[in-house]
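To start, the structure itself, in structure tokens.
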There are 2 protein chains.
Amino acid sequence: MATGRTHRPATRSRGIPEATVARLPLYLRALTALSERSVPTVSSEELAAAAGVNSAKLRKDFSYLGSYGTRGVGYDVEYLVYQISRELGLTQDWPVVIVGIGNLGAALANYGGFASRGFRVAALIDADAGMAGKPVAGIPVQHTDELEKIIQDDGVSIGVIATPAGAAQQVCDRLVAAGVTSILNFAPTVLNVPEGVDVRKVDLSIELQILAFHEQRKAGEEAAADTVVPPVAARKQPHSIDQGPDGDVPAVMQA
Amino acid sequence: MATGRTHRPATRSRGIPEATVARLPLYLRALTALSERSVPTVSSEELAAAAGVNSAKLRKDFSYLGSYGTRGVGYDVEYLVYQISRELGLTQDWPVVIVGIGNLGAALANYGGFASRGFRVAALIDADAGMAGKPVAGIPVQHTDELEKIIQDDGVSIGVIATPAGAAQQVCDRLVAAGVTSILNFAPTVLNVPEGVDVRKVDLSIELQILAFHEQRKAGEEAAADTVVPPVAARKQPHSIDQGPDGDVPAVMQA
DNA sequence: CCATGTGAACTCGTTCACAGCG
DNA sequence: CGCTGTGAACGAGTTCACATGG
């Protein structure tokens, strides 16, 4: 990217910032909860609190989608749910394959929030021939040999890699060759993919290490304790502080 | 985190940017691999490629830690491994409790990269009395009633929540009350915690939704195809594109 | 009036490009 | 001469604060 200088040339006019995209699912979840409670409208303040962000950020985020609110009132819950779902592409069905049915793969297969949001487990794939046919979460596991066929037949474009690190790149290559263009990687490896393929990674050990860093700093600060116990507390910090360590985005798990 | 206004007052002189902290584990992993292959030194270029970032970023990141490289040569692998480990607080042992031993909790308990990096599973905790005593990953599951005792006895400061969404906040409150100050949350909920407690979240469905967004855009672009097929490709793009947890968005790379 | 929507200020993060040291 | 280390330019993301419109 970025070649030299003024890139992202086109700026498709619908340029929603990546940071905003990463928060839309959060808003959607909060809105869905409100919807289930039959709440008709929410203010940016309320919704922001439910999503764990501040209201200015939420309003700015929504401003990239359009003007879906009503001044002096707030946002219509149902309408927003629809708009965000559409923006995220959740109004269509996304078949997904999960490769590597160990503890983690099984956990993912059983994950409820899966089907609930436009995602459908098209197949569970494992290299262990002994697993073939055995049902996990009601879906029979298939052998790796079937991978290409399944992807093509079902038009799968999203793949989840939950294999050991050693197998990840190989699985990735096959997924990509077969037509997958988005990959969620749980294996602790950097995947090499061709241009046009999106990879998101989730890595438990990285998250723990980040926590350890902060934890260590807390311990150290305590020692250096500036007489003045930084009361700060300042403003409003009712509860919930940073939550989404927004600093980054990813997540975590294992392989 | 933190911060109401001018906080982080002192800027303890050791202010490592959050974005850098989030990448240190990545460098560490790449370095560990090199170390196992007995590679004595690496250039920023090589290491960057292995970690999936670009070399300028890596050098800048390292500059926050100190001047650990040798001009004209590169970095000493072993030395860097040590420095980063120390910076991340991995030279000490971090006992961790995992609450919620379902598929996911079991997967986490079995995760190898766990013990390998200073983390030790101090206990597995589940609300189901029927699970009590049953060993998972060689560790007997204990009932939720024991939670406070375990945390205090073992001096646990990091907790992992792998419970259903409905139980997460409650578990979180108990963890915090018992002394935990860092939480890794796998439940799809926004956790409210008091100031000073760090929360990082990991959410499968959010990651999938972000992928779906980009996937949808790919499909749309194809249709709108600007005559000019953005050749870009420009410079060097050997393989591997974005990766990156954060914003994602293509980020060159190189090898 | 009230809460949205947004320009403008600001902060954080990334990239450039080159000085400087081994 | 090669590669690190870094100031400075640039760009992304966040927060402020207020004009605007229901």
Side-chain angles (χ1 to χ4, degrees), chain A residues 1-9 11 15-24 27 41-49 52-76 79-80 83 234-236 242 244-249, chain B residues 1-8 11 15-24 27 41-49 52-76 79-80 83 234-236 242 244-254:
Chain A
M1 89 179 80
T3 21
R5 192 159 290 273
T6 329
H7 289 338
R8 274 280 150 231
T11 302
I16 299 180
E18 190 55 35
T20 295
V21 172
R23 281 188 295 267
L24 292 181
Y27 301 144
T41 59
V42 254
S43 65
S44 61
E45 202 77 45
E46 296 165 325
L47 183 53
V53 302
N54 72 14
S55 63
K57 193 184 286 183
L58 178 143
R59 289 200 303 279
K60 177 66 88 176
D61 282 342
F62 286 179
S63 79
Y64 295 117
L65 307 184
S67 288
Y68 297 147
T70 306
R71 292 170 197 244
V73 180
Y75 301 91
D76 181 276
Y79 187 59
L80 247 195
Q83 290 299 343
R235 334 253 241 162
K236 51 187 180 183
D242 45 0
D246 44 36
D248 41 18
V249 184
Chain B
M1 351 215 110
T3 93
R5 182 168 292 277
T6 327
H7 293 340
R8 278 283 146 233
T11 300
I16 300 180
E18 191 56 33
T20 294
V21 172
R23 281 187 295 267
L24 291 181
Y27 301 143
T41 60
V42 253
S43 66
S44 62
E45 202 77 46
E46 295 166 325
L47 183 54
V53 303
N54 71 16
S55 63
K57 194 184 288 184
L58 176 143
R59 287 199 304 278
K60 177 64 90 177
D61 283 343
F62 285 0
S63 79
Y64 294 116
L65 307 185
S67 288
Y68 296 148
T70 306
R71 292 169 197 241
V73 180
Y75 302 90
D76 181 277
Y79 187 57
L80 248 195
Q83 289 300 341
R235 330 251 245 167
K236 51 194 177 177
D242 49 1
D246 44 32
D248 111 290
V249 176
V252 193
M253 264 201 105
Q254 79 113 54

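A note on names: the letters A, B, ... follow the listed sequences, proteins ahead of strands, and every chain is numbered from 1. Computation of the quantities below employed the complete heavy-atom set of this structure, encompassing side-chain atoms and omitting hydrogens, waters and symmetry-equivalent molecules.
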Atom-to-atom span, [atom1] of [X] to [atom2] of [N] - whole angstrom:
| X | N | atom1 | atom2 | result |
| --- | --- | --- | --- | --- |
| A:Glu18 | D:dA12 | CD | P | 12 Å |
| A:Glu46 | C:dA3 | CD | P | 9 Å |
| A:Phe62 | C:dG5 | CZ | C1' | 13 Å |
| B:Glu45 | D:dG2 | CD | P | 14 Å |
| A:Leu65 | C:dG5 | CG | C1' | 13 Å |
| B:Lys57 | C:dA17 | NZ | P | 17 Å |
| A:Lys60 | D:dG13 | NZ | C1' | 10 Å |
| A:Asn54 | C:dT11 | CG | P | 15 Å |

To the nearest 0.5 Å, tell me how far B:Ser44 OG sits from B:Lys57 NZ. 14.0 Å
Between atom CD of B:Glu46 and atom OG1 of B:Thr41, what is the distance when rounded to the nearest 0.5 Å? 7.5 Å
[X], nearest nucleotide to its side chain (from [options]):
| X | options | value |
| --- | --- | --- |
| B:Ser67 | D:dG5, D:dT14, C:dT14 | D:dG5 |
| B:Tyr75 | C:dG13, D:dT4, D:dT6 | D:dT4 |
| B:Tyr64 | C:dT14, C:dA8, D:dT4 | C:dT14 |

Taking all atoms of both residues into account, what is the closest heavy-atom pair of A:Ser63 and A:Lys60, and its distance?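 In terms of heavy atoms, the two residues are closest at OG-O, 2.6 Å.
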Report, as a single string ordered 5' to 3', how protein heavy atoms within less than 4.0 Å touch nucleotides 17-22 of chain D: B base, S sugar-phosphate only, - not at all. B-BBBS
D:dC3 OP1/OP2 closer than 4.0 Å to side-chain N/O of B:Ser43: no
Is any side-chain heavy atom of A:Leu65 closer than 4.5 Å to one of A:Gln83? no
Is there side-chain contact between A:Leu80 and A:Leu47, with heavy atoms separated by less than 4.5 Å?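 A:Leu80 reaches A:Leu47 side chain to side chain.
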A:Tyr68 and ring-ring contact (aromatic ring centres under 6.0 Å, His included): which partner among A:Tyr79, A:Tyr75, A:Phe62, A:Tyr27?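 With A:Tyr68 as partner, A:Tyr79, A:Tyr75, A:Phe62, A:Tyr27 yield a single ring-ring contact (aromatic ring centres under 6.0 Å, His included), made by A:Tyr79.
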